[in-house]
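This report concerns only the one structure given below.
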Amino acid sequence: MNAQIDHALEEIRRFRPSPEFAAQAVADEGLYDAARADRLEFWADQARTLLQWEKPFTRTLDWSNPPFAKWFDDGELNVAVNCLDRHVEAGLGDRVAIHWEGEPGDSRDITYAELTDEVKRAANTLADLGVGEQDRVAIYLPMIPEAVVAMLACARIGAIHSVVFGGFSADSLASRIDDAEASVVITADGGYRKGRVFPLKPVVDEALGKAEGGTVRNVLVVRRGENEVDWNADRDLWWHETVATASNEHEAKGFEAEHPLFILYTSGTTGKPKGILHTSGGYLTQAAFTHKNVFDLHPERDVYWCTADVGWITGHSYVVYGPLANGATQVLYEGTPDTPHPGRWWEIVEKYGVTILYTAPTAIRSFMKLGRQIPHEFNLRTLRLLGSVGEPINPEAWIWYRHVIGGGSIPVVDTWWQTETGAIMISALPGVTDLKPGSAQVPVPGISIDILDDDGTAVEGEGGGLLVATEPWPSMLRGIWGDPERFKETYWEKFGDKYFAGDGARRDEDGDIWLLGRVDDVMNVSGHRLSTAEIESSLVAHPWTAEAAVVGASDETTGQAVVAFVILKASQVSHVTDPFEASEELRKHVATQIGAIARPRQVFIVNELPKTRSGKIMRRLLRDLAEGREVGDTTTLADTSIMEVISAQVR
Ligand code: WT7
């Protein structure tokens, strides 16, 4: 009966583009036709029209050595010039690039001319510090304009940035610095979050004490939080004493299209994060193409706001590279949605007249909980397009987003992609595609997606299977930093020359794609990717823990939540009398070891874990428990009665 009702609702919930929107839309049906007629020529055409090349390319794709793709590889470009100088040269220097809003309410408007100037100064500073082509620079900053400047300064001189989200711990930062062998770290004294200054420089100091490589020569520090920091005069430099006084003349050279642009770490199925490597020409082409067409960008009149932190791929592609390559005006906000009041985001939309908003379902669901009165205290009528990313958006949240935030009739695009894909892969095109809440819908023009069963056979009809990209795409990852074997194993071993994304999916009768979540041991908490193995190894690193199992349990607001089951060491059980205290201690431990986003929602102290005869933990049964369901089939357990014991302890 419920299924029938859902189905009926689905039928009703299909929205034609309004004729007014369609008439002014950037995208049109012709994009699909062109991509279908000649996929490679389509991308070559996008690369030529969207970007400025110092040396034009003559080759589009080299796939002679799969899975290592090369796009536009005999061409040369400078990514920073594409995001900055060329707009200034085109007479757009006075256009605002960034409306920056600090959490305490301070703000700055930065034009393209000013941003270009600042990036040139930062490029000169980095060069003075001996940063050369292909050298790695770690960036650990709050959401302040200097984060964008630091990234583009690296791009300008051909250095490779590795942005580490400011919420990650000293341990996480240290392991990323070591893995990439970074020579410089760019950070701030601190940043604002939830009305307080959170320290960053002290975390860098701690990380550098832990980093084993000893590769970091300098730490460049932006003053933001004005919190007290220790100073190592041989190593540390203030941004305002170096960048601010550096020359604003900097001649940028073109780099090969396959010149590495950045490394970004993401969680995989093992405990060790993967350094996803992206390069220049192909990445920028697809970031710019999708930013323009999926968000219907009219740079001369739109005010665009992507709420993601630059520490994630969404911030790389849709705060920095896509919007700036397209000459967009955007909002950059430092803080949290509810500081100092729960209407903060809507106040920002009103203040800057935001027209395009791109955010995550978890944020939308938490606003839904607070109710429509809060957004309705503000004027949101400038909004004309809404985007969603990070996890499936449930139809109820989609409808709420469209009605309460969007006023009822504007397009909502649900965009599926990954750190690895670099840019959007599946999404409706506003003004072209009929919209269907809950479905990410169709591959963007030039992208080939299929759904396969475990044996690699295409799933016909409406059955579910595994999502793959069947052809290389311009912004695809080029590898895992320092680990080509892991790159092949993780993504390419399963289906040969097809990219295995790690997501389940199904196609409905209209050919629209519905994402069904990860099929591996990767969780998605508030749109952020976390690995069960990484959290388990953090838990067992605690002196009290003997064994740990972690599952992602569905959660009304965050999509999934981390739930851990821990067996304490026999030697500890007598000291740890209060299980509540023990679980609090372990939750805190994970937050300090990895970062607050990894803090388990619950840690259950148990005496046993459900294992098969070969000793493999059956997480599926633990997930049943964590989600309050009847426990599923236990027949393959070594001891079939164990779940009753565990259930009793969890209750
Ligand atoms: C994983 C990638 C892409 C930027 C944010 C996350 C899930 C992402 C959607 C969506 C359903 C989605 C997938 C994917 N995901 N967008 N629109 N619908 N699922 O990047 O940390 O690399 O995570 O996020 O499971 O594999 P990421």
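Residues take their numbers from the sequence shown, with the count starting at 1. Side chains are part of it too, since the values below use all heavy atoms of this structure and drop only hydrogens, waters and symmetry mates. Counting convention: from 1, in listed order, for ligands and their atoms alike.
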Numbered atoms and elements of ligand 1 in range of [X], under 4.0 angstrom, heavy atoms:
{"X": "D414", "value": "10 (C), 17 (N)"}
{"X": "P392", "value": "11 (C), 18 (N), 19 (N)"}
{"X": "V389", "value": "3 (C), 4 (C)"}
{"X": "T314", "value": "4 (C), 5 (C)"}
{"X": "L515", "value": "11 (C)"}

May I ask you to decide whether [X] forms a salt bridge with [Y], counting only side-chain N to carboxylate O separations under 4.0 Å?
{"X": "D503", "Y": "R518", "value": "yes"}
{"X": "E536", "Y": "R619", "value": "yes"}
{"X": "E420", "Y": "R529", "value": "yes"}
{"X": "R506", "Y": "D512", "value": "no"}
{"X": "E258", "Y": "R478", "value": "yes"}

Under 4.0 Å, heavy-atom basis, I'd like to know which part of [X] is in contact with ligand 1: side chain, backbone, both or neither.
{"X": "H528", "result": "neither"}
{"X": "N524", "result": "side chain"}
{"X": "V522", "result": "neither"}

- prompt: Do any nitrogen or oxygen atoms of T415 lie less than 3.5 angstrom from nitrogen or oxygen atoms of ligand 1?
  reply: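 T415 vs ligand 1: N/O contact under 3.5 Å present.
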Return the closest protein heavy atom for [atom] as residue, atom name and distance.
{"atom": "atom 21 (O) of ligand 1", "answer": "R529 CB, 3.5 Å"}
{"atom": "atom 10 (C) of ligand 1", "answer": "E391 O, 3.5 Å"}
{"atom": "atom 24 (O) of ligand 1", "answer": "G390 O, 3.4 Å"}
{"atom": "atom 6 (C) of ligand 1", "answer": "G527 O, 3.9 Å"}
{"atom": "atom 25 (O) of ligand 1", "answer": "D503 OD2, 2.8 Å"}
{"atom": "atom 3 (C) of ligand 1", "answer": "W417 O, 3.1 Å"}

query: Looking only at non-hydrogen atoms, which of T419, V413, I393, T266 approaches atom 20 (O) of ligand 1 most closely?
result: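 Answer by nearest heavy atom: T419.
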message: Please identify which of these residues, I535, V562, V563, meets the side-chain contact (heavy atoms from CB on, under 4.5 Å) condition with V551.
response: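 Checked I535, V562, V563 against V551; only one passes side-chain contact (heavy atoms from CB on, under 4.5 Å): V563.
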message: Are F487 and F68, when compared by the centres of their aromatic rings, separated by less than 6.0 Å?
response: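 Yes, close enough.
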Close aromatic pair by centroid cut-off 6.0 Å: W345 and W305: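 For W345 and W305, the ring centres are under 6.0 Å apart.
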message: Check contact between G502 and ligand 1, using heavy atoms of the residue and a distance below 4.0 angstrom.
response: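 For ligand 1, residue contact (heavy atoms, under 4.0 Å) with G502 is absent.
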- prompt: Touching ligand 1 at all, A440? Heavy atoms, strictly under 4.0 Å?
  reply: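 No heavy atom of A440 comes that close to ligand 1.
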On the 0 to 90° scale, with breaks at 30° and 60°, tag the [X]-[Y] ring pair as parallel, tilted or perpendicular.
{"X": "W43", "Y": "F289", "value": "perpendicular"}
{"X": "F262", "Y": "H316", "value": "tilted"}
{"X": "W312", "Y": "F168", "value": "perpendicular"}

